[in-house]
There are 4 protein chains.
Amino acid sequence: MAYRETERTQEKMARKKRDIIKAAREIFAEKGYQGTSMKALAQKAKIATGTVYLYFSNKEVLMSSIVDEMFRELLTIIKNEREKYCDGFDKLQASMDACFRVFMKEKTMARIFLVQVPGVNSTFQKKLHQIENELVLWTQKDLEELKAEGRLPEKDTLVSALAFVGSFRQVLFHYLMEGEPQDLETAYIDLKKYNLRGLGHGHES
Amino acid sequence: MAYRETERTQEKMARKKRDIIKAAREIFAEKGYQGTSMKALAQKAKIATGTVYLYFSNKEVLMSSIVDEMFRELLTIIKNEREKYCDGFDKLQASMDACFRVFMKEKTMARIFLVQVPGVNSTFQKKLHQIENELVLWTQKDLEELKAEGRLPEKDTLVSALAFVGSFRQVLFHYLMEGEPQDLETAYIDLKKYNLRGLGHGHES
Amino acid sequence: MAYRETERTQEKMARKKRDIIKAAREIFAEKGYQGTSMKALAQKAKIATGTVYLYFSNKEVLMSSIVDEMFRELLTIIKNEREKYCDGFDKLQASMDACFRVFMKEKTMARIFLVQVPGVNSTFQKKLHQIENELVLWTQKDLEELKAEGRLPEKDTLVSALAFVGSFRQVLFHYLMEGEPQDLETAYIDLKKYNLRGLGHGHES
Amino acid sequence: MAYRETERTQEKMARKKRDIIKAAREIFAEKGYQGTSMKALAQKAKIATGTVYLYFSNKEVLMSSIVDEMFRELLTIIKNEREKYCDGFDKLQASMDACFRVFMKEKTMARIFLVQVPGVNSTFQKKLHQIENELVLWTQKDLEELKAEGRLPEKDTLVSALAFVGSFRQVLFHYLMEGEPQDLETAYIDLKKYNLRGLGHGHES
DNA sequence: GATGAATGAGCTTTCATTCAT
DNA sequence: CATGAATGAAAGCTCATTCAT
């Protein structure tokens with residue numbers, strides 16, 4: 001009985017935590033981290049100010065939770081997608097496809113990642129950079145594999161990986177800010193072509 | 001006489017403004033916008049707190065001035081470099097070269113552009129975006145020209161331009177955060193090759 | 001039947017009240033009144049936060065109950081001891097002996113009385129003072145008796161009584177704070193001698 | 001010129017600091033440390049809340065300054081008085097006289113020392129205890145001297161010193177709380193007699 | 001009765017901005 | 001013109017108290 005109670009309680013608590021994170025994501029995406037007061041955040045979540053502190057010990061921890069959660073979400077999806085492929089170029093494309101789809105589906109996440117959090121606080125700065133780095137590293141690993149197979153002309157895989165990720169980042173960011181390019185799907189295909197050519201993939205076949 | 005006086009006064013005022021902006025650039029690059037109090041800023045500029053307000057009506061205006069100034073600096077240099085060339089690819093390269101050199105020479109500017117300001121405040125957000133956009137637009141214009149000459153296979157020049165700028169941005173940002181790639185000059189050359197290939201330039205010759 | 005029920009209920013309630021007071025005494029003695037949150041207090045008593053409020057309408061009332069209880073305990077013990085003696089000096093000594101023993105046995109009480117509560121809140125301030133006053137008054141009454149018997153040279157019994165009580169208070173307080181004098185039993189005997197001499201008792205025999 | 005300016009400025013600042021301390025002393029004496037909000041304190045000093053923080057980095061530092069200041073005041077006066085005498089008993093009396101007069105003249109100080117600060121915060125608790133200890137130590141030193149001269153029967157000078165100081169403390173405290181004994185001067189004389197007898201001084205002559 | 005999550009008033013502290021000197 | 005002390009709104013956070021379960 002007591003066990004059930006605890007189980008239900010924990011479930012409830014987890015749900016509340018998610019509710020708060022959801023509200024926080026939205027308002028942070030809209031107003032930014034510094035631009036959001038804990039009072040406003042609580043109002044968005046339709047709870048009292050103090051209640052937030054029952055679930056997150058302070059504002060920074062809340063934000064960190066959000067970033068960590070997004071990190072996990074993103075990497076899990078990408079990992080799952082990658083596992084479906086063996087070929088280096090396919091894995092590379094799968095990663096980008098997954099990443100793209102996640103950001104398109106959850107614009108809130110994209111806004112926080114690309115627009116709101118950078119520059120606010122060195123803690124988050126580093127965290128975000130770490131996430132971006134993770135993507136770069138995966139890309140670089142794929143490129144190294146391809147290079148080992150003699151399928152890439154380029155020597156410095158770091159530069160290529162950064163260029164690869166950076167170009168996607170820029171298109172996404174531009175889209176979030178301007179709503180352009182309108183047909184993101186087509187743009188995305190062009191972008192892939194651009195990068196594959198950049199990597200020297202065109203010469204392969 | 002009165003005229004001369006005003007002229008001299010304005011000149012003096014402009015000089016003081018520049019002094020403040022210089023100090024502000026440095027301290028903002030180091031501590032960030034939110035992390036810098038007006039008092040600390042004034043101390044850095046070796047003036048009294050209130051004096052800042054004689055030249056800039058508030059903190060935001062000061063920051064805007066900095067961004068605007070950097071904007072002008074950057075675009076002037078790029079423009080000058082571009083004028084030396086006629087060929088589309090040359091102009092494109094000249095732009096990037098100039099841009100790269102400016103950021104390398106003035107890391108303060110780079111830090112403010114890429115690291116400190118984003119995400120802090122929607123006003124600056126927009127301003128920065130506008131600058132990035134300017135670079136993208138010029139790039140796009142160059143690409144359009146090249147396309148008109150039949151030297152580019154790609155249709156959507158916006159995507160290419162974004163990819164182009166984004167890849168540079170990413171390498172620079174990574175360098176600022178991690179100090180990698182250590183040999184930025186070589187990396188830059190590789191990066192240019194990557195993008196030229198991406199644009200389909202390799203097929204031309 | 002109903003009567004029995006109520007009786008049992010009241011008994012139960014009284015027991016619970018005592019449990020809470022016991023926990024509160026300990027934690028207040030350790031962390032102080034202001035330093036103890038109702039949540040921490042409830043945890044110490046192994047009940048829910050809200051439950052405390054079923055027995056005490058608020059924090060202040062709880063603290064008052066503690067002080068009152070300590071008051072009753074102390075005075076009851078002293079009264080019992082005093083009844084064993086007839087002679088004024090004997091009664092005086094009996095009072096002090098009892099008081100001393102109670103504080104030594106229940107350091108918690110001593111800490112609350114002498115260290116934690118004073119200065120926190122004027123309500124308790126007054127209550128504590130009232131308790132101290134009670135001791136002073138009894139002492140004074142004894143002294144008055146002795147004076148009436150011509151066994152005391154001093155006229156102002158209030159001053160003597162205050163000096164008497166104050167000297168004990170100081171030794172106890174010092175002991176609680178510093179652990180000195182180490183041999184409290186001997187110190188106590190010296191202290192009694194000091195005060196008896198102070199009262200002019202030495203001249204009697 | 002600049003020197004003068006700084007001198008005047010420092011003087012002004014010192015004056016303001018004193019003003020704030022004065023207001024703080026009064027309101028702390030009245031409402032206690034915890035019972036006083038920084039806002040209320042600022043209002044009492046007729047300045048804005050933030051202004052307090054120009055002079056004291058936080059509430060605790062302000063309170064510490066007050067306690068330290070009172071400490072210095074008290075000890076300076078006592079020291080000066082003691083220097084006028086050579087004989088142990090005279091020095092002892094001089095100390096007490098001085099202490100008594102200070103507290104009588106500055107009831108605010110007495111209230112903070114004896115009534116408001118104890119129990120509030122272990123930092124102040126310790127500081128106050130240290131002050132009381134200082135008095136006890138001086139007393140003890142005097143007693144040791146007298147003992148060495150064979151003028152004191154008692155062996156444990158710590159107990160005597162504590163009794164001595166404690167009896168004065170109690171009378172003062174009672175007076176502050178109750179306004180009794182009304183004729184404090186006479187009471188004080190009786191108190192001295194009580195303690196001199198307690199020390200065994202009566203037997204000397 | 002018992003619970004403990006929820007509340008929100010109130011705290012200390014910061015800092016952009018003002019203005020008397 | 002320049003100063004920097006003064007301002008006070010607003011922030012993050014705590015915790016005594018309440019109340020739906």
Side-chain angles (χ1 to χ4, degrees), chain A residues 2 5-6 8-9 12-13 16 34-43 45-62, chain B residues 9 12-13 16 33-43 45-63, chain C residues 9 12-13 16 33-43 45-63, chain D residues 2 5-6 8-9 12-13 16 34-43 45-62:
Chain A
E5 203 60 5
T6 308
R8 220 183 276 165
T9 303
K12 223 177 182 176
M13 205 166 146
K16 195 106 191 193
Q34 308 260 18
T36 305
S37 71
M38 289 303 267
K39 205 179 168 183
L41 164 58
Q43 272 166 357
K46 282 171 191 164
I47 53 176
T49 319
T51 308
V52 182
Y53 288 87
L54 291 177
Y55 297 92
F56 301 92
S57 52
N58 58 51
K59 199 184 179 184
E60 210 167 311
V61 163
L62 169 57
Chain B
T9 304
K12 224 177 178 179
M13 194 157 161
K16 196 108 184 192
Y33 177 75
Q34 308 262 14
T36 305
S37 70
M38 291 299 268
K39 202 181 171 185
L41 164 60
Q43 274 168 355
K46 283 171 189 163
I47 53 174
T49 320
T51 308
V52 181
Y53 286 85
L54 294 176
Y55 298 91
F56 301 92
S57 54
N58 58 48
K59 199 184 179 184
E60 209 167 311
V61 163
L62 168 57
M63 186 49 140
Chain C
T9 304
K12 222 176 178 179
M13 195 158 161
K16 196 108 184 192
Y33 176 76
Q34 308 261 14
T36 304
S37 70
M38 290 301 267
K39 203 181 170 185
L41 163 60
Q43 273 168 354
K46 282 169 189 163
I47 53 174
T49 319
T51 308
V52 182
Y53 286 84
L54 294 176
Y55 297 93
F56 300 92
S57 53
N58 59 47
K59 199 184 180 185
E60 210 167 310
V61 163
L62 168 57
M63 187 48 139
Chain D
E5 203 60 3
T6 308
R8 222 183 273 166
T9 303
K12 224 177 182 176
M13 204 168 147
K16 196 106 187 192
Q34 308 260 18
T36 305
S37 73
M38 290 302 266
K39 205 178 169 185
L41 164 58
Q43 273 167 355
K46 282 170 190 164
I47 54 175
T49 319
T51 308
V52 182
Y53 288 86
L54 292 177
Y55 297 91
F56 301 92
S57 52
N58 58 49
K59 199 184 179 184
E60 209 167 311
V61 163
L62 168 57

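Proteins get letters first, then strands, A, B, ... in listed order; numbering begins at 1 in each. Quantities reported herein were computed from a predicted structural model and do not represent experimental measurements. Just the heavy atoms: all of them, side chains too, but no hydrogens, waters or symmetry mates, feed the values below.
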(message) Using OP1 and OP2 only, check whether a side-chain N or O of A:K16 sits under 4.0 Å from E:dA6.
(response) yes

(message) Once you apply a heavy-atom cut-off of 4.0 Å, does D:I47 come out as touching a base, just sugar-phosphate, or nothing?
(response) sugar-phosphate

(request) Please examine the side chains of B:K16 and B:I47, heavy atoms only from C-beta on, and report whether any two atoms are closer than 4.5 Å. (result) yes

(request) Kindly compute the distance separating NZ (C:K46) from OG1 (C:T51), expressed to the nearest 0.5 Å. (result) 15.0 Å

(message) Both A:Y55 and C:Y55 contact DNA chain E. Taking the nearest nucleotide for each, which residue is further toward the 5' end?
(response) C:Y55

(message) The side chain of C:A48 is closest to which nucleotide in this list: E:dG4, F:dT3, F:dT7?
(response) E:dG4

(request) Can you see which heavy atom on B:T49 is nearest to which on B:K39, and at what distance? (result) OG1-CG, 4.0 Å

(message) Rounded to whole Å, how long is the line connecting atom CG of C:L41 with atom P of F:dT14?
(response) 19 Å

(message) Only Watson-Crick and G-U wobble pairs with both distances less than 3.5 Å should count. Give DNA chain E in dot-bracket notation, marking inter-strand partners with |.
(response) .||||||||||||||||||||

(message) If you compare all heavy atoms of C:Y53 against all heavy atoms of C:N58, which two are closest, and at what distance to 0.1 Å?
(response) CE2-CA, 3.9 Å

(message) Please report the distance, rounded to the nearest Å, between CG in B:L62 and P in E:dC15.
(response) 17 Å

(request) Measure from CZ on D:F56 to P on E:dT14 and round the result to the nearest Å. (result) 15 Å

(message) Let me confirm one number: the CG-CE distance from C:L41 to C:M63, rounded to the nearest 0.5 Å.
(response) 10.5 Å

(request) Kindly indicate whether the side chain of C:Y33, heavy atoms from C-beta on, has any atom under 4.5 Å from the side chain of C:K59. (result) yes

(message) Quick check: closest heavy atoms across C:L54 and C:M13, and the distance to 0.1 Å?
(response) O-CE, 4.1 Å

(request) Using whole Å, report how far NZ of A:K46 lies from C1' of E:dG8. (result) 19 Å

(request) Heavy atoms under 4.0 Å is the rule here; annotate nucleotides 15-21 of chain F 5' to 3' with B where the base is hit, S where only the sugar-phosphate is, and - elsewhere. (result) -SBB---

